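What follows is one structure encoded as structure tokens, with my remarks underneath.
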Amino acid sequence: MSAPTTAREVRDLVADLLARHDPATTERTAFLNARWEAGLAWVGFPVGLGGLGAPRALQQVVEAELAAAGAPDNNPRRIGIGLGMAAPTILTFGTDEQKQRFLRPLWTGEEVWCQLFSEPGAGSDLAALGTRATRDGEDWVVTGQKVWTSTAHTARWAILVARTDPDVPKHAGMTYFVCDMTDPGVEVRPLRQITGEAEFNEVFLTGARIPDAHRLGEVGDGWRVAQTTLMNERVAIGGREVPREGGMVGVVSDTWRAHPELHTPEALDRLTKLWVESEALRHAGTRMRQQLAAGSPGPEGSAMKLAFARLSQALSGFEVELLAEDGLRHGEWTMFRPELVDFTGRDAGYRYLRAKGNSIEGGTSEILRNIIAERILGLPSEPRVDKDVPWKDLPR
Amino acid sequence: MSAPTTAREVRDLVADLLARHDPATTERTAFLNARWEAGLAWVGFPVGLGGLGAPRALQQVVEAELAAAGAPDNNPRRIGIGLGMAAPTILTFGTDEQKQRFLRPLWTGEEVWCQLFSEPGAGSDLAALGTRATRDGEDWVVTGQKVWTSTAHTARWAILVARTDPDVPKHAGMTYFVCDMTDPGVEVRPLRQITGEAEFNEVFLTGARIPDAHRLGEVGDGWRVAQTTLMNERVAIGGREVPREGGMVGVVSDTWRAHPELHTPEALDRLTKLWVESEALRHAGTRMRQQLAAGSPGPEGSAMKLAFARLSQALSGFEVELLAEDGLRHGEWTMFRPELVDFTGRDAGYRYLRAKGNSIEGGTSEILRNIIAERILGLPSEPRVDKDVPWKDLPR
Amino acid sequence: MSPAPDRPEQDLLYSDVEEELRASVRALLAARADSARVLGRVEDEQPLDLDLWRALAVDLGATSLPIPEALGGQGAGLRETAVVAEELGRSVAPVPFLGSAVLATGALLHLLGQGAERGGPDAQAEAALTRLAEGAATAALVIPLSTYPGGPLPAVSADGDALTGTVRSVADAAVADLLVVLAGDVLFLVEAAAARVTPVVSLDLTRPVADVVLDATPGVRLSGSGEAAVRAAVLVGAGILASEQVGIAEWCLSTTVAYLKERYQFGRPVGSFQSLKHRLADLWQELVLARAAARAAADALATGAEDLEITVLVAQSLCAAVALHAAEEAVQLHGGIGMTWEHPVHLYLKRAKADEIALGTPGRHRAALAPLVGLTA
Amino acid sequence: MSPAPDRPEQDLLYSDVEEELRASVRALLAARADSARVLGRVEDEQPLDLDLWRALAVDLGATSLPIPEALGGQGAGLRETAVVAEELGRSVAPVPFLGSAVLATGALLHLLGQGAERGGPDAQAEAALTRLAEGAATAALVIPLSTYPGGPLPAVSADGDALTGTVRSVADAAVADLLVVLAGDVLFLVEAAAARVTPVVSLDLTRPVADVVLDATPGVRLSGSGEAAVRAAVLVGAGILASEQVGIAEWCLSTTVAYLKERYQFGRPVGSFQSLKHRLADLWQELVLARAAARAAADALATGAEDLEITVLVAQSLCAAVALHAAEEAVQLHGGIGMTWEHPVHLYLKRAKADEIALGTPGRHRAALAPLVGLTA
């Protein structure tokens with residue numbers, strides 16, 4: 001069978017799947033596994049790995065048809081790290097065995113993934129990380145501390161970067177692994193945020209064992225493998241179509257409409273300005289998707305992440321200020337582990353505080369500006385002091 | 001005679017001067033020379049150099065008394081570079097002969113001074129300057145190009161920094177001179193600005209000769225001498241008492257009051273915000289002067305220069321925008337050499353364009369932020385690539 | 001009131017045809033309107049370059065794009081006009097494009113559209129458009145360039161077909177053959193030679209304004225609502241101006257980036273200093289949003305989208321600010337050289353500042369936008 | 001209308017006495033309200049630290065500064081109160097200083113001043129102030145903390161001396177012994193035990209607000225204009241709050257500078273990166289202006305300056321913005337650690353945000369200021 005290239009061919013395959021597995025009567029996981037076997041999980045993936053080797057753009061057709069038929073999905077928000085970061089990395093760098101073992105339950109959601117990259121001492125400077133992995137027979141033994149790990153407490157597997165050679169410059173001495181989160185050497189502790197809740201975790205690795213068969217890529221090649229992961233993370237941002245007033249601007253505009261007694265001319269102009277920028281950001285997203293569809297992806301995603309963070313912070317800050325007497329009050333500070341995170345959910349105070357993270361998570365706005373300046377505008381890099389020094393000799 | 005220490009003693013000296021030289025009947029220059037001889041030019045200077053070795057704060061008393069008596073002043077705005085920059089440098093580093101020769105006509109205004117520091121290739125990085133001075137018998141021969149020189153076309157003398165040794169790191173190879181602006185090797189050309197006029201000049205030095213007796217400080221010590229000059233320039237900024245709505249904010253507020261037909265709520269809030277910041281800047285100036293008077297000068301002058309530039313730009317930009325139909329029109333673009341510069345003078349378009357220079361002249365806002373961050377906040381400097389390299393080997 | 005409903009996604013890319021048009025215009029401007037040449041003529045008696053204007057109009061047909069083919073135009077629409085405006089913004093070429101090919105043409109085209117609804121177009125308007133399409137005449141819409149959506153329009157009075165009144169700060173009027181004048185609700189065509197048109201020393205050296213005085217000046221009366229036509233032209237102008245502003249911002253950003261790569265201070269390219277890099281990155285981010293908004297406005301104008309007004313007001317209020325920010329940053333980051341008359345960056349600063357006012361300041365656009373999207377005072 | 005006339009220069013320095021007071025307060029707070037301790041109690045049933053409050057009030061007399069000596073206070077004036085507020089801002093110490101020593105005390109002192117004009121002070125007000133001066137009682141002014149100059153005041157009704165009404169988001173009410181309540185134009189003293197005071201989960205963890213419900217609750221009627229007293233207290237509060245905001249900004253700036261000196265990334269202290277240095281330099285510049293404005297407000301309050309209102313409105317609208325900017329930059333520049341509950345910077349962010357609202361947002365202050373300086377709509 002040659003790969004389908006038209007929407008019509010894909011629609012036929014979906015119809016066939018639906019004919020064989022009626023979503024109304026098929027158990028959810030069974031349906032998802034059948035979908036996987038039909039190559040309709042991610043049609044751009046190879047045959048045998050949930051795909052058809054088809055153009056990625058056809059995936060939209062699959063999703064639309066299945067949604068129309070009321071088929072269950074794999075709850076992509078719940079398994080975002082697996083789908084968005086682990087899967088493309090495994091596909092690019094994994095062995096055949098690794099692909100066969102990991103991708104299917106990753107996609108069906110039977111196994112949740114998390115990401116063990118950041119450390120307390122290695123945030124923006126990921127390559128400075130100090131979690132050590134030392135070889136012991138067929139295994140690696142891993143010791144260190146990771147942080148900002150979402151879904152660590154529900155995850156079965158983690159993608160992990162660790163230092164395997166401290167005697168070479170920092171970018172050269174890292175290796176990339178798949179870590180079993182059920183290993184007794186792995187301890188997960190919730191990390192409470194300024195919102196009171198704990199979306200993220202700290203993960204303490206104390207002699208955790210990883211078989212060498214779970215290494216992704218070559219020993220010492222961890223930086224390059226991690227770049228693939230992070231590039232896919234960036235692509236994932238801003239990918240969805242957003243209706244006008246989608247997101248924070250809609251929430252805050254509704255607050256405005258609900259409270260005429262709080263209106264002032266100054267506040268109206270500020271809100272309108274933010275509305276304008278939000279609408280322009282929406283246009284930028286549309287334009288980016290159209291470029292992608294036309295086969296000429298641009299670097300505009302970086303601009304969108306910067307603008308998104310700035311606007312969500314400005315809008316949510318505006319809302320608290322506008323609410324004044326009510327802005328002084330808060331819903332709750334209770335510590336809990338949320339299932340899913342909705343930046344625009346809960347109350348104004350939560351939105352304001354949570355939005356502060358938007359310019360830090362997934363690459364700080366400062367690092368993003370460096371990247372834009374150097375990679376997009378071609379401005380020269382600053383003098384580097386950490387390029388040629390063995391990792392162990394770096395000041396920290 | 002011991003130095004006066006009280007306002008009363010100073011008042012007596014002023015009364016004596018006025019009794020001997022009636023301002024109503026004495027020719028201006030004669031009066032100024034008499035004042036110099038009485039030590040009432042700058043009372044903080046040494047006896048014999050126009051001063052009394054008295055506390056600097058007493059100068060205010062002199063100025064007030066003389067102004068009340070209708071005495072002529074030395075038109076300090078016309079000779080600001082001499083008074084503010086050359087004089088303190090000559091006082092600190094000059095030989096006795098130099099002090100005797102230069103200070104008196106500098107102060108009376110009989111000789112105007114200018115400053116030959118900046119070069120096309122050495123703006124923020126003054127220490128990179130390339131104007132060469134080579135020794136030839138008792139003289140130095142100077143060749144190079146200087147820029148942003150105000151009053152060069154009326155000046156008799158210039159303070160000049162030139163490179164005397166290109167084989168050592170850049171800060172070490174400079175020497176400071178007094179340059180005769182009537183030397184045939186000195187050519188002054190007006191430098192037209194974006195306002196159309198030419199406040200400044202380019203100065204071309206082609207084998208200009210300077211006797212070694214006109215060197216200020218040691219050979220190779222030019223950087224240190226120049227720091228004294230520049231420090232005094234900074235002190236001069238923001239030193240005057242300003243009434244409420246003095247400066248740009250008053251001009252723009254008056255434009256607002258004169259044009260009710262242009263009012264919008266958005267514009268009112270923006271103007272009020274700028275009014276608030278201008279008033280706070282005024283308070284900061286008052287506070288800085290009070291600290292100085294109390295003998296504990298602070299570093300707040302740097303903040304004031306930053307804020308002044310930002311506010312004058314924002315206010316003048318606001319004014320042009322507010323004027324709308326009239327903002328599209330302009331007074332004139334004619335090239336001329338203004339006698340004095342008034343940032344708040346002429347029309348709104350001039351103010352807007354001229355204000356753009358406020359964040360460049362006298363040290364860019366970017367350099368000022370570096371200085372604040374490192375010298376005031378104590379933040380570490382960036383890696384330097386130009387510290388230990390001979391000047392001639394620096395990339396440029 | 002809730003915001004306007006969503007509608008099918010707009011096309012925000014540049015088509016191949018548009019890119020070809022851009023290339024032709026850019027080549028012409030590179031050859032005939034490089035910055036030394038533009039700067040060189042700003043103090044001439046006639047700062048506008050009428051030779052270049054003819055080349056643009058006649059050789060490239062860049063001014064007849066939105067005029068129907070039946071009238072000698074290209075029937076191409078406003079997306080293409082926006083691309084030309086973008087290139088003209090990049091070069092601040094001194095040609096009467098905004099006044100003639102956008103504003104005056106826009107008003108006449110709107111009258112034509114009204115005529116279609118009424119059953120017959122105005123023959124005089126058609127004739128005028130034909131002259132414009134051929135490049136045989138240049139026109140100006142006699143309103144202050146600062147006119148904003150929903151704002152007051154000039155008060156010219158008509159006694160029969162004799163027009164009297166003064167209109168200040170009119171864009172491109174000094175070189176116009178034809179004046180399009182609103183009196184009451186009627187649009188008139190006036191031969192410029194019959195009016196008194198006085199050039200004014202202008203903030204914008206490359207788009208000077210002029211004052212138009214009519215003193216019982218004869219005009220040709222056009223049928224239809226003149227006020228509707230002028231208001232439509234102001235909206236068209238504001239939307240197209242957004243693309244000009246994108247062009248200005250792009251020139252300022254790329255010129256500054258290039259300068260900072262080659263300028264050394266402290267033994268390093270100035271462009272390697274992080275605080276400058278971050279400011280330029282922010283500017284680039286603004287430009288990404290501005291371009292998307294300007295494209296949306298051009299597309300909405302071309303398709304007559306239901307939410308045309310919202311889309312134009314968003315684009316103009318954003319792009320005006322971005323262009324000005326880019327120009328102000330360009331001046332600052334060029335340091336001393338950016339403060340000199342001999343460097344062209346001041347032409348962009350003056351254009352960006354005048355464009356901030358042109359067809360309404362960002363504040364005026366936000367004020368007009370807010371009630372349309374349910375944000376009421 | 002032209003702006004207020006100039007007047008003799010204000011004293012904007014800190015006097016030696018003020019510096020001594022600052023040192024005492026700072027030492028107490030360092031010992032008893034370090035950030036771990038403050039953070040540790042924010043989720044306690046009673047987040048306010050009444051032991052610390054007593055030490056501040058009784059041992060240091062920091063709450064009786066503006067109360068006349070005849071009533072057991074120090075007659076020192078509001079410049080000193082502002083210095084205490086600055087230190088409390090630096091530590092976000094959870095004490096009812098604003099509610100009791102500034103707002104409630106301010107209202108009662110104003111009544112006293114009114115009484116002096118009428119020929120005799122109100123004995124009940126004097127007695128209450130004496131209790132406050134001794135640290136024997138804590139009071140709260142029963143208005144929403146968001147009340148702004150010229151804004152609406154709570155509508156509590158008085159049936160004889162029985163008060164009925166609900167007032168939401170009252171600062172420091174949860175620990176007050178005495179409530180100062182406005183009903184019509186009359187101020188009443190109410191024993192807090194007689195009212196229903198319900199603590200509210202608050203954005204500001206270190207200055208929680210509470211709701212006060214009066215249901216035919218008995219009050220003691222004070223003579224004089226209660227509305228004038230409350231409006232004066234709001235102005236006093238806004239002026240003193242400016243100093244608190246200076247303290248917040250100062251802590252945020254100095255803590256961030258210290259962190260960036262010791263935090264290494266890319267083999268360098270993060271504080272050596274130029275874009276961060278420039279942002280901190282800008283923040284320092286803002287702080288210089290904010291401090292001058294706050295000192296001017298404190299001095300104007302202390303001297304009852306003619307342009308008191310202008311000076312306070314300037315200070316509050318500026319300092320609120322500066323404190324919030326400093327706190328937001330502190331969170332961002334601390335990176336991930338600044339997003340954690342365990343790091344104290346979020347306490348400052350929450351305080352700065354609540355302070356932006358407290359006694360009027362910057363926009364409300366600008367709206368009140370503009371007509372006073374001849375900037376009319």
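Because only heavy atoms are used, hydrogens play no part in the values below, and waters and symmetry mates are left out as well, while side chains stay in. Bear in mind the structure is a predicted one, so any value in this text is a computation, not a measurement. In what follows, every chain begins at residue 1, and chains take the letters A, B, ... in the order their sequences are listed.
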With respect to chain A, which residue among [options] yields the maximal number of heavy-atom pairs within a distance under 4.5 Å?
options                        : result
C/L260, C/L289, C/V257, C/L369 : C/L289
C/L287, C/D282, C/L318, C/D11  : C/D282
C/A315, C/P362, C/A292         : C/A292
C/V288, C/L253, C/L276         : C/V288

Checklist entry - Where on A/A294 is there a heavy atom nearer than 4.5 Å to chain C: the side chain, the backbone, both, or neither? => result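 For A/A294, the contact with chain C is made by the side chain alone.
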
(Q) I'd like to check C/Q285 versus A/M304 (side-chain heavy atoms, cut-off strictly below 4.5 Å). Are they in contact? (A)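 Side chain of C/Q285 against side chain of A/M304, heavy atoms only: no contact under 4.5 Å found.
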
Check: Any side-chain heavy-atom pair from A/H283 and C/Q10 closer than 4.5 angstrom?
Finding: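 With C-beta onward as the side chain, the pair touches.
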
### Salt-bridge contact C/E9-A/R289 (side-chain N to carboxylate O under 4.0 Å)
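Yes.
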
Check [X] against [Y] and note the closest heavy-atom contact, atom names and distance.
X      : Y      : answer
C/I310 : A/R244 : CD1-NH1, 3.8 Å
C/Q274 : A/N370 : NE2-OD1, 3.2 Å
A/S381 : C/K277 : CA-NZ, 3.5 Å
A/L379 : C/L280 : CD1-CD1, 3.7 Å
C/W284 : A/S302 : CZ3-CB, 4.3 Å
C/S272 : A/E382 : O-CG, 3.2 Å

Check: What part of C/R279 gets closer than 4.5 Å to chain A, counting heavy atoms only: side chain, backbone, both or neither?
Finding: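 Contact with chain A: none, neither part.
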
Q. Which region of C/R366, side chain (C-beta onward) or backbone (N, CA, C, O), has a non-hydrogen atom less than 4.5 Å from a non-hydrogen atom of chain A, or is it both or neither?
A.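 When you check distances to chain A, atoms from both the backbone and side chain of C/R366 fall under 4.5 Å.
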
- request: Take atom CD of C/E19 as the centre, draw a 6.0 Å sphere, and report whether it contains more than 12 heavy atoms from other residues, nucleotides or ligands.
  value: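 More than 12 within 6.0 Å, yes.
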
Using a cut-off of under 4.5 Å for heavy-atom pairs, which of [options] has the most such pairs with chain C?
options                        : result
A/S365, A/A280, A/S253, A/A284 : A/A280
A/T264, A/L268, A/L377         : A/L377
A/E374, A/R287, A/H263         : A/R287
A/D254, A/L271, A/I376         : A/I376
A/S296, A/G378, A/P260         : A/G378

Polar side-chain atom of A/Q290 near backbone of C/L12 as donor-acceptor pair, under 3.5 Å:
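Yes; at least one donor-acceptor contact below 3.5 Å.
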
Reported [atom1]-to-[atom2] distance for the pair [X] and [Y], which is rounded to 0.5 angstrom:
X      : Y      : atom1 : atom2 : answer
C/H365 : A/T272 : NE2   : OG1   : 13.5 Å
C/E286 : A/L306 : CD    : CG    : 10.5 Å
C/S317 : A/E277 : OG    : CD    : 8.5 Å

Item to complete: Given side chain to side chain contact (heavy atoms under 4.5 Å, CB included), test C/L375 with A/R257 step by step and report yes or no.
Response: CA-CA 7 Å; C/L375 300 177; A/R257 294 177 187 119; 3.9 Å; yes

